[in-house]
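Each remark here refers to the structure printed beneath this line.
Each chain gets a letter, A, B and so on, in the order its sequence line appears, and its residues count up from 1.
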Amino acid sequence: MSKVLVIAEHDGNKLNASTAKCVACASGIPDSEIHVVIFASAGEKLAADAAGLASVDKVMYVDNSSNEHALAAVLAPQIVSLAGDYTHIFGPSTTFGKDLMPRVAALLDVNQISDVMEVIGSHSFKRPIYAGNAILTVEAPEGTAVVATVRTASYRAVGNGGAAPVEQITVSADLPQHTRFVSLQAGKSDRPDLQTASKVVSGGRALASSENFEIIFRLAEALGAGVGASRAAVDAGYVPNELQVGQTGKIIAPDLYIAIGISGAIQHLTGIKDAGTIVAINKDADAPIFDVADIGLVGDLFKIIPELEKAIRS
Amino acid sequence: MEKILVGLKRVVDYNVRVRVKSDGSGVDTDGVKMSINPFDEIALEEALRIRERGEAKEVIVVSIGTSEAQQQLRTGLAMGADRAILVESTTAVDPLTSAKMFLKLIEKENPDLVILGKQAIDNDNIQTGQMLAALWGRPQATFASELVFDGNRAKVTREVDIGLETIEIDLPAVITADLRLNEPRYVKLPDIMKAKKKPLEQISAADLAVATVNALVESAYEPPQQRQKGIMVSDVPELVAALKDKGLV
Ligand SMILES: Cc1cc2nc3c(=O)[nH]c(=O)nc-3n(C[C@H](O)[C@H](O)[C@H](O)COP(=O)(O)OP(=O)(O)OC[C@H]3O[C@@H](n4cnc5c(N)ncnc54)[C@H](O)[C@@H]3O)c2cc1C
Ligand SMILES: Nc1ncnc2c1ncn2[C@@H]1O[C@H](COP(=O)(O)O)[C@@H](O)[C@H]1O
């Protein structure tokens with residue numbers, strides 16, 4: 001029997017979809033009991049949301065003003081104090097989990113399994129390495145906690161319909177003062193979130209300016225899609241960093257991904273491997289993006305995109 | 001600040017498309033171009049800029065790896081690091097063990113700052129910096145895209161999923177570099193010559209007396225599922241029709 005502790009990700013108001021994806025991964029562990037823990041300044045409502053997730057057996061929340069903003073150095077000792085008899089401690093492979101979970105693992109003196117994409121057994125997992133060019137099977141040692149991050153693009157969020165008991169708990173841990181939150185500059189939230197959108201339209205270097213990038217936003221709006229970008233487009237300042245898709249940006253799995261003026265470097269393709277349908281629009285018929293695209297169209301994006309937007313709107 | 005320690009991992013160059021060996025025992029790295037992990041180059045560039053602004057005195061580059069990692073350390077010295085330390089290990093070292101080795105060096109060198117890359121692009125682990133900070137009991141600022149120092153403190157802007165987060169940390173601390181922190185300089189030929197004279201200390205991993213515990217066993221490697229090349233359409237109406245076919249618009 002396994003006992004899995006899932007560390008919830010949230011923004012203080014609602015759970016991030018990554019939490020339900022971690023639960024989905026945890027539920028793949030044979031004979032597992034799944035607990036979710038929420039660290040917040042006021043976590044009651046978040047806990048109620050987590051309790052409604054299918055497969056969850058128990059929800060705990062820890063209220064503390066120090067937990068208002070997720071700081072790894074502050075959260076890690078609290079998680080360690082809860083680790084007790086959990087066989088597994090899971091967090092999402094988002095910037096939240098990637099920052100936090102290795103700190104937890106080190107305090108427990110274990111290695112972390114990063115980016116779990118498949119559960120083979122309670123101590124056996126698959127994960128991508130080399131930007132997804134190889135899939136590695138790793139076996140974790142028995143007798144110590146398995147600390148892992150879950151590759152969210154590999155899992156569908158569990159649904160609702162759960163009714164797990166909720167418990168407010170306190171933890172005794174020394175919380176450091178050496179790390180302090182200052183500010184958060186969040187991107188626009190009036191668009192579908194890139195990580196959960198069912199459709200995503202991405203633009204690359206070919207857009208050539210932030211003014212030109214507007215045509216990508218307009219097409220996305222017509223489709224009800226989220227917007228992404230290649231690293232080249234982000235580096236050039238056409239769009240902010242949180243839109244970057246790829247090995248070092250976001251790994252996403254929308255039903256529809258439209259890559260516009262993006263060549264298809266391996267680092268970019270890593271981010272879209274699990275997309276349902278990939279559409280590529282590029283003026284170079286030999287661009288590597290066409291090797292992975294389900295539908296390809298060769299041509300000038302500045303001509304094609306306005307036409308496509310019109311066709312979709314009509 | 002007196003000292004900054006920077007990690008330089010020797011990895012397969014980012015332009016190489018690695019392949020899994022046909023027997024599934026690993027990835028084929030024979031004769032493949034090796035380089036400094038790209039994020040570590042950014043980490044080093046940042047350390048050099050801090051020193052050049054007069055905010056630090058010495059930059060030490062550290063690599064844990066085979067003796068071949070001397071090449072990457074020499075490149076780091078040519079970029080401008082003052083000295084190098086190679087922790088020689090004939091086998092690959094996992095992030096927990098690497099973090100413990102870095103900690104041993106920290107105890108010896110007493111740096112004010114450790115800058116690592118956010119991610120080594122071979123195993124894509126994204127762990128070492130966070131683990132080191134935990135074991136050292138010090139702050140971590142991962143995925144950094146901007147650093148500003150103010151005496152014994154640093155303000156660090158971090159690239160997070162929803163945008164940019166700024167935190168303040170006390171020094172000493174561990175920072176991990178993201179792509180947009182800076183653009184690393186190119187190495188010039190005279191610097192390569194000069195780098196040959198800079199000190200490169202070699203320590204055997206065994207001398208650091210760090211035991212590997214709770215190792216993960218890498219039991220199999222396989223190639224990823226390949227996506228198939230699909231259809232080509234010749235104009236927008238055909239594209240829209242194909243999307244309608246799939247129920248996507
Ligand atoms: C360590 C590391 C990590 C990285 N991580 C990422 C990552 O996470 N995500 C990422 O995206 N990249 C990443 N990269 C960068 C990656 O290697 C590529 O450089 C980048 O993806 C290229 O972006 P691009 O396709 O927009 O630009 P380019 O490669 O320059 O491609 C532009 C494309 O636009 C086409 N084009 C030009 N004009 C038009 C037009 N008018 N109409 C139609 N098509 C046109 C061209 O034919 C070309 O194919 C990383 C690199 C490194 C070293
Ligand atoms: N063997 C090593 N030698 C030097 N630095 C390393 C080594 N392993 C990891 N690092 C540092 O830790 C960072 C993160 O690595 P990883 O946790 O493996 O993704 C790298 O970018 C390096 O800066």
Over all atoms of both residues, closest heavy-atom pair of [X] and [Y]:
| X | Y | value |
| --- | --- | --- |
| A:Y130 | B:T29 | OH-CG2, 4.3 Å |
| A:Q112 | B:M131 | N-CE, 4.0 Å |
| A:E139 | B:S219 | OE2-OG, 2.7 Å |
| A:A70 | B:E165 | O-OE2, 4.4 Å |
| B:P139 | A:T179 | CB-OG1, 3.3 Å |
| B:V27 | A:A134 | CG1-CB, 3.8 Å |

Are [X] and [Y] close enough that some pair of their side-chain heavy atoms sits under 4.5 Å apart?
| X | Y | result |
| --- | --- | --- |
| A:L297 | B:M232 | no |
| B:P237 | A:E307 | yes |
| B:R19 | A:N133 | no |
| A:T137 | B:E222 | yes |
| B:V217 | A:V138 | no |

Going through the checks in order, is the side-chain contact (heavy atoms from CB on, under 4.5 Å) test met by B:L239 and A:L308? CA-CA 8 Å; B:L239 172 58; A:L308 181 59; 4.0 Å; yes
Under 3.5 Å: donor-acceptor pair, side chain of [X], backbone of [Y]:
| X | Y | result |
| --- | --- | --- |
| B:K118 | A:T248 | yes |
| A:T95 | B:D161 | yes |
| A:K273 | B:R227 | no |

At a heavy-atom separation under 4.5 Å, does [X] approach chain B through its side chain, its backbone, both, or neither?
| X | result |
| --- | --- |
| A:I305 | neither |
| A:I281 | side chain |
| A:I266 | side chain |
| A:V279 | side chain |
| A:D174 | neither |
| A:L71 | side chain |
| A:A311 | side chain |
| A:K199 | side chain |
| A:Q244 | side chain |

Side chain to side chain contact (heavy atoms under 4.5 Å, CB included) against B:N214, all qualifying residues, sequence neighbours excluded: A:V110, A:P141, A:T144
Of all residues at least two apart in sequence or in a different chain, which pass the side chain to side chain contact (heavy atoms under 4.5 Å, CB included) check with A:A287? A:N282, A:D284, A:I289, A:F290
For the candidates [options], which exhibits the highest count of non-hydrogen atom pairs separated by less than 4.5 Å from chain B?
| options | value |
| --- | --- |
| A:Q177, A:R180, A:E242, A:K303 | A:R180 |
| A:P102, A:P128, A:A106 | A:P102 |
| A:L256, A:V292, A:I295 | A:I295 |

For A:D294 and B:K229, run salt bridge (charged side-chain N to carboxylate O under 4.0 Å, His left out): C-alpha distance rounded to whole Å, both residues' side-chain angles, the deciding distance at 0.1 Å, then the answer. CA-CA 6 Å; A:D294 300 282; B:K229 190 177 163 76; over 6 Å; no
Just verifying a value: how many Å separate [X] [atom1] and [Y] [atom2], rounded to the nearest 0.5 Å?
| X | Y | atom1 | atom2 | answer |
| --- | --- | --- | --- | --- |
| A:D11 | B:I162 | CG | CD1 | 7.0 Å |
| B:Q130 | A:R103 | CD | CZ | 9.5 Å |
| B:I167 | A:H178 | CD1 | NE2 | 10.5 Å |
| A:R127 | B:D124 | CZ | CG | 7.0 Å |
| A:K98 | B:I126 | NZ | CD1 | 4.5 Å |
| B:K246 | A:D255 | NZ | CG | 11.0 Å |

Could you have a look at [options] and say which one has the most heavy-atom pairs with chain A under 4.5 angstrom?
| options | result |
| --- | --- |
| B:N123, B:V20, B:L132 | B:N123 |
| B:T97, B:I169, B:V11 | B:I169 |
| B:L216, B:T166, B:V249 | B:T166 |
| B:D94, B:V12, B:T128, B:N15 | B:D94 |
| B:G129, B:G26, B:P95, B:G24 | B:P95 |
| B:P223, B:S234, B:G163 | B:G163 |

Which residues in residues 173-182 of chain B have any heavy atom closer than 4.5 Å to a heavy atom of chain A? B:L179, B:R180
Can you list the residues of residues 141-153 of chain B that sit under 4.5 Å from chain A, counting heavy atoms only? B:T142, B:F143, B:R153
Between B:R158 and chain A, with a heavy-atom cut-off of 4.5 Å, which part of the residue counts as in contact: side chain, backbone, both or neither? side chain
Could you go through A:D109 and B:K100, starting from their C-alpha distance and side-chain angles, then the distance that decides it, and tell me whether this counts as salt bridge (charged side-chain N to carboxylate O under 4.0 Å, His left out)? CA-CA 10 Å; A:D109 204 23; B:K100 289 178 181 176; 2.7 Å; yes
